[in-house]
Amino acid sequence: MKKFNIRVAQEKDIPAMLEIETSHKMTPHWNREQFVKEFHLSCSRLYVAESEGKVGGYLGLWLVPPETQITTVAVHPHYLREGLGTRLLESGILQARQMGFSVVTLEVNSQNESALRLYKKLGFKIVGSRSNFYNDGEDAILMELQL
Ligand SMILES: CC(C)(COP(=O)(O)OP(=O)(O)OC[C@H]1O[C@@H](n2cnc3c(N)ncnc32)[C@H](O)[C@@H]1OP(=O)(O)O)[C@@H](O)C(=O)NCCC(=O)NCCS
């Protein structure tokens with residue numbers, strides 16, 4: 001596996017993040033405006049995993065005490081199943097812990113088997129669901145990790 005460095009994202013990373021976002025079938029997709037908006041929201045943090053100038057994945061958080069919400073996470077198709085999604089999420093969880101947050105939450109499409117497995121592996125528990133939540137008519141599964 002390439003050696004990825006996780007750093008704070010910059011607006012210049014948006015094209016690389018968009019490329020990753022649109023390379024996956026899962027919905028909903030964020031568009032350019034949504035990424036830009038995240039850079040200007042005071043509660044929002046975006047991180048990228050970079051290796052030799054290439055972005056391999058990204059993570060978005062909302063820091064709203066006492067809760068850290070995972071707003072997005074995705075890995076480039078070239079680097080799937082190499083532990084990068086785990087590393088990105090673990091770095092977000094570590095940050096939440098270090099900042100004294102008590103819980104990490106997220107929403108995931110009920111059909112997104114790989115993400116559901118990843119979150120369960122990291123200790124997230126299902127705490128609820130929202131029917132017909134996504135544009136494709138699928139339910140959202142609500143998960144949380146108590147810190
Ligand atoms: C979900 C996602 C971020 C996982 O990234 P990744 O770097 O491939 O994940 P990891 O290599 O860290 O995998 C960790 C665990 O997740 C689970 N997992 C990941 N991909 C999987 C797949 N295709 N099928 C089944 N389980 C999978 C496995 O339990 C895996 O552990 P293992 O490899 O030891 O079996 C990636 O598939 C992705 O970018 N998906 C599209 C965007 C998305 O759906 N994001 C989540 C929105 S809520």
Side-chain angles (χ1 to χ4, degrees), residues 1-39 41 43-64 67-98 101 103-147:
M1 184 193 173
K2 274 180 180 286
K3 186 150 172 36
F4 282 98
N5 170 42
I6 297 176
R7 62 161 172 81
V8 172
Q10 299 166 356
E11 288 198 46
K12 71 173 172 63
D13 297 313
I14 290 177
M17 292 193 281
L18 269 175
E19 186 192 322
I20 295 172
E21 182 82 9
T22 53
S23 68
H24 290 289
K25 273 191 296 186
M26 287 311 300
T27 57
H29 282 142
W30 281 13
N31 58 27
R32 188 185 159 75
E33 288 67 38
Q34 280 165 298
F35 277 108
V36 170
K37 205 169 101 190
E38 290 298 316
F39 278 101
L41 265 183
C43 68
S44 175
R45 303 284 183 280
L46 283 168
Y47 300 91
V48 290
E50 185 185 54
S51 178
E52 295 162 7
K54 286 213 166 15
V55 172
Y58 54 86
L59 171 77
L61 304 176
W62 273 10
L63 305 177
V64 186
E67 181 177 320
T68 292
Q69 188 183 340
I70 291 167
T71 54
T72 185
V73 60
V75 168
H76 192 289
H78 286 170
Y79 309 114
L80 288 173
R81 218 64 193 266
E82 293 183 7
L84 191 51
T86 302
R87 270 200 63 202
L88 282 160
L89 286 163
E90 282 179 342
S91 75
I93 293 165
L94 179 66
Q95 177 174 343
R97 214 172 247 134
Q98 286 173 341
F101 286 75
V103 62
V104 182
T105 64
L106 60 87
E107 283 159 11
V108 54
N109 189 311
S110 60
Q111 299 305 304
N112 194 342
E113 201 52 50
S114 42
L116 276 162
R117 278 178 193 244
L118 167 59
Y119 298 139
K120 283 180 187 162
K121 198 170 172 187
L122 287 169
F124 283 82
K125 305 279 184 240
I126 294 177
V127 291
S129 64
R130 293 198 180 111
S131 310
N132 206 9
F133 183 74
Y134 296 107
N135 290 341
D136 59 6
E138 294 299 342
D139 299 345
I141 304 291
L142 313 181
M143 301 183 86
E144 63 180 44
L145 175 71
Q146 294 291 336
L147 300 178

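Keep in mind that the numbers below use all heavy atoms, side chains included, and drop hydrogens, waters and symmetry copies. For ligands, and for the atoms within them, numbers begin at 1 and follow the listed sequence. What you see is a predicted model, and the numbers here were worked out from it, not measured in a lab.
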Listed partners of Gln10 passing side chain to side chain donor-acceptor pair (under 3.5 Å), at least two apart: Lys12
Phe101: partners by ring pair (Phe, Tyr, Trp, His ring centres under 6.0 Å), with sequence neighbours left out: none
Polar side chain donor-acceptor pair, Glu38 to Trp62, under 3.5 angstrom: yes
Inter-residue atom distance Leu18.CG - Ser23.OG, 0.5 Å rounding: 10.5 Å
When you pair each N or O of ligand 1 with protein N or O atoms, which pairs come out under 3.5 Å?
{"unit_1": "ligand 1", "atom_1": "7 (O)", "unit_2": "Gly85", "atom_2": "N", "d": "2.7"}
{"unit_1": "ligand 1", "atom_1": "8 (O)", "unit_2": "Arg81", "atom_2": "N", "d": "2.7"}
{"unit_1": "ligand 1", "atom_1": "11 (O)", "unit_2": "Glu82", "atom_2": "N", "d": "3.3"}
{"unit_1": "ligand 1", "atom_1": "11 (O)", "unit_2": "Gly83", "atom_2": "N", "d": "2.8"}
{"unit_1": "ligand 1", "atom_1": "12 (O)", "unit_2": "Thr86", "atom_2": "N", "d": "2.9"}
{"unit_1": "ligand 1", "atom_1": "12 (O)", "unit_2": "Thr86", "atom_2": "OG1", "d": "2.5"}
{"unit_1": "ligand 1", "atom_1": "31 (O)", "unit_2": "Lys121", "atom_2": "NZ", "d": "2.9"}
{"unit_1": "ligand 1", "atom_1": "33 (O)", "unit_2": "Arg81", "atom_2": "NE", "d": "3.0"}
{"unit_1": "ligand 1", "atom_1": "34 (O)", "unit_2": "Lys121", "atom_2": "NZ", "d": "2.6"}
{"unit_1": "ligand 1", "atom_1": "35 (O)", "unit_2": "Arg81", "atom_2": "NH2", "d": "3.0"}
{"unit_1": "ligand 1", "atom_1": "39 (O)", "unit_2": "His24", "atom_2": "NE2", "d": "3.4"}
{"unit_1": "ligand 1", "atom_1": "39 (O)", "unit_2": "Val75", "atom_2": "N", "d": "2.8"}
{"unit_1": "ligand 1", "atom_1": "44 (O)", "unit_2": "Asn112", "atom_2": "ND2", "d": "2.6"}
{"unit_1": "ligand 1", "atom_1": "45 (N)", "unit_2": "Val73", "atom_2": "O", "d": "2.7"}

Straight-line distance of Thr72 OG1 to Leu46 CG, nearest 0.5 Å: 8.0 Å
Pair listing, salt bridge (Lys or Arg N to Asp or Glu O under 4.0 Å) test, anchored in residues 117-134, at least two apart: Glu107-Arg130, Glu113-Arg117
